[in-house]
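A short write-up of the structure that comes next.
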Amino acid sequence: MLCKPGEIEAEFAKLMSYEAFMKKFLTLRDPGPLLFPKGKGFLHSPPGVPVTLPPWLSEEDIEYFASQHEKAGGLTGGINYYRALHLSWELTSAWRGAKVTVPTKFVAGELDLAYYMGGVNGYINSGGMKKDVPWLEEVVVHKKTTIREVGVVDVLS
C-alpha cells in the first residue's frame with residue numbers, strides 16, 4: 001500500500017484527524033510491526049478508542065505536532081521516506097562497510113518500535129553493532145519504556 005502515492009494518506013484522512021494520529025503514534029507502546037490494514041486504521045489503537053496522554057506529552061504538544069504535519073502537507077513526507085528506502089540504500093552504497101569511528105553510546109527503550117525493526121535488537125545484542133561501531137562504549141536499553149519516556153538525565157548518565 002505504501003507504493004501507491006496518495007492511497008495510505010487517503011486512508012488515514014478517512015479514519016482519523018492529524019491530532020488522533022499523533023496521539024496514537026506518540027503513545028504507542030507495542031514493539032511489534034506497525035500495521036495499518038486497509039479500512040481498519042491503527043491496529044494498535046482502533047478508531048474511537050480514546051487515548052490517555054502520558055505526563056510527558058500534553059494536548060498542546062499534540063496540537064503543535066498535528067498543525068506542523070498539516071502545514072507540511074500531511075503524512076506524505078514521512079511515508080515517502082519508506083517509499084524511497086531502496087533509493088537511500090543506492091545513494092549511500094559508497095559507504096557500505098564504513099565504520100563509525102567516534103565514541104558512541106546507543107540508547108533505546110525496550111518498547112521502541114525501531115529497536116525491533118529488521119532485527120536491529122539482534123544485530124546490537126549479537127555484537128554486530130560493535131563490529132561496525134568499534135568505539136561503541138555502551139548500549140543502554142531502558143526496560144519497559146520507550147526512548148520518548150526516558151529523561152535527559154537518564155540518557156546522559
Side-chain angles (χ1 to χ4, degrees), residues 1-13 16 18 21-38 41-45 53-58 61-62 64-157:
M1 187 148 69
L2 286 178
C3 295
K4 295 181 183 175
E7 191 172 323
I8 194 154
E9 294 90 334
E11 186 76 13
F12 276 121
M16 66 185 85
Y18 290 123
F21 175 79
M22 285 293 142
K23 282 182 182 181
K24 291 171 186 288
F25 186 74
L26 292 174
T27 59
L28 181 65
R29 293 180 56 82
D30 181 350
L34 194 56
L35 302 173
F36 305 100
K38 193 169 188 168
F42 213 124
L43 268 192
H44 306 279
S45 181
L53 296 180
W56 54 268
L57 186 61
S58 70
D61 293 332
I62 295 294
Y64 174 78
F65 297 143
S67 72
Q68 294 305 300
H69 269 74
E70 192 165 12
K71 191 187 303 182
L75 302 174
T76 301
I79 293 169
N80 280 346
Y81 171 83
Y82 294 97
R83 286 188 180 118
L85 206 51
H86 65 285
L87 182 58
S88 296
W89 283 103
E90 291 172 24
L91 293 172
T92 60
S93 64
W95 294 277
R96 182 172 290 146
K99 306 287 185 208
V100 176
T101 55
V102 295
T104 305
K105 178 177 185 175
F106 178 85
V107 182
E110 185 179 52
L111 299 177
D112 284 328
L113 177 66
Y115 183 60
Y116 292 92
M117 290 177 73
V120 169
N121 62 337
Y123 164 75
I124 293 167
N125 296 321
S126 70
M129 186 174 193
K130 183 67 175 167
K131 185 181 80 178
D132 294 329
V133 186
W135 292 4
L136 178 65
E137 296 175 348
E138 186 178 13
V139 172
V140 178
V141 180
H142 291 272
K143 300 292 182 198
K144 298 180 183 175
T145 191
T146 66
I147 194 64
R148 297 180 303 268
E149 299 168 83
V150 175
V152 174
V153 173
D154 294 330
V155 170
L156 296 176
S157 61

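- Contacts of Val139 classified as side chain to side chain contact (heavy atoms under 4.5 Å, CB included), with partners at least two apart in sequence or in another chain: Phe106, Ile124, Leu136, Val141.
- Once rounded to the nearest 0.5 Å, the distance linking CD1 of Ile62 with CZ of Phe21 reads 10.5 Å.
- Here CG of Asn125 is found 14.0 Å from NZ of Lys130. Values are rounded to the nearest 0.5 Å.
- For Tyr64, the OH atom is loosely surrounded, since the number of other residues' heavy atoms within 6.0 Å does not exceed 12.
- Gly73 approaches Tyr18 most closely through the heavy-atom pair C-OH, 4.3 Å.
- Taking the side chain to side chain contact (heavy atoms under 4.5 Å, CB included) definition, one finds that Trp56 meets it with Pro54, Arg148, Glu149, sequence neighbours left out.
- Residues passing the side chain to side chain contact (heavy atoms under 4.5 Å, CB included) test with Pro103 are Trp135, Glu137, sequence neighbours excluded.
- Looking at heavy atoms from C-beta onward, Leu75 lies out of side-chain contact with Phe25 at the 4.5 angstrom threshold.
- A donor-acceptor contact shorter than 3.5 Å links the side chain of Tyr116 to the backbone of Glu110.
- When all heavy atoms of Thr104 and Val100 are compared, the closest pair comes out as OG1-CG1, 4.0 Å.
- When the salt bridge (Lys or Arg N to Asp or Glu O under 4.0 Å) test is applied to Asp61, no partner is found at least two apart in sequence or on another chain.
- Annotation: side chain of Thr76 is in contact with side chain of Arg83 (closest heavy-atom distance under 4.5 Å).
- Shown here are the salt bridge (Lys or Arg N to Asp or Glu O under 4.0 Å) partners of Glu70, two or more places apart in sequence or in another chain: there are none.
- Separation of atoms CG (Asn80) and CD (Glu9) is listed at 7.0 Å; rounding is to 0.5 Å.
- To the nearest 0.5 Å, the span separating CG on Asn121 from OG on Ser126 amounts to 9.5 Å.
- Among residues two or more places apart in sequence or in another chain, the salt bridge (Lys or Arg N to Asp or Glu O under 4.0 Å) test is passed with Lys99 by Asp132.
- Between Thr27 and Lys23, the shortest heavy-atom distance links the atoms OG1-O, 2.5 Å.
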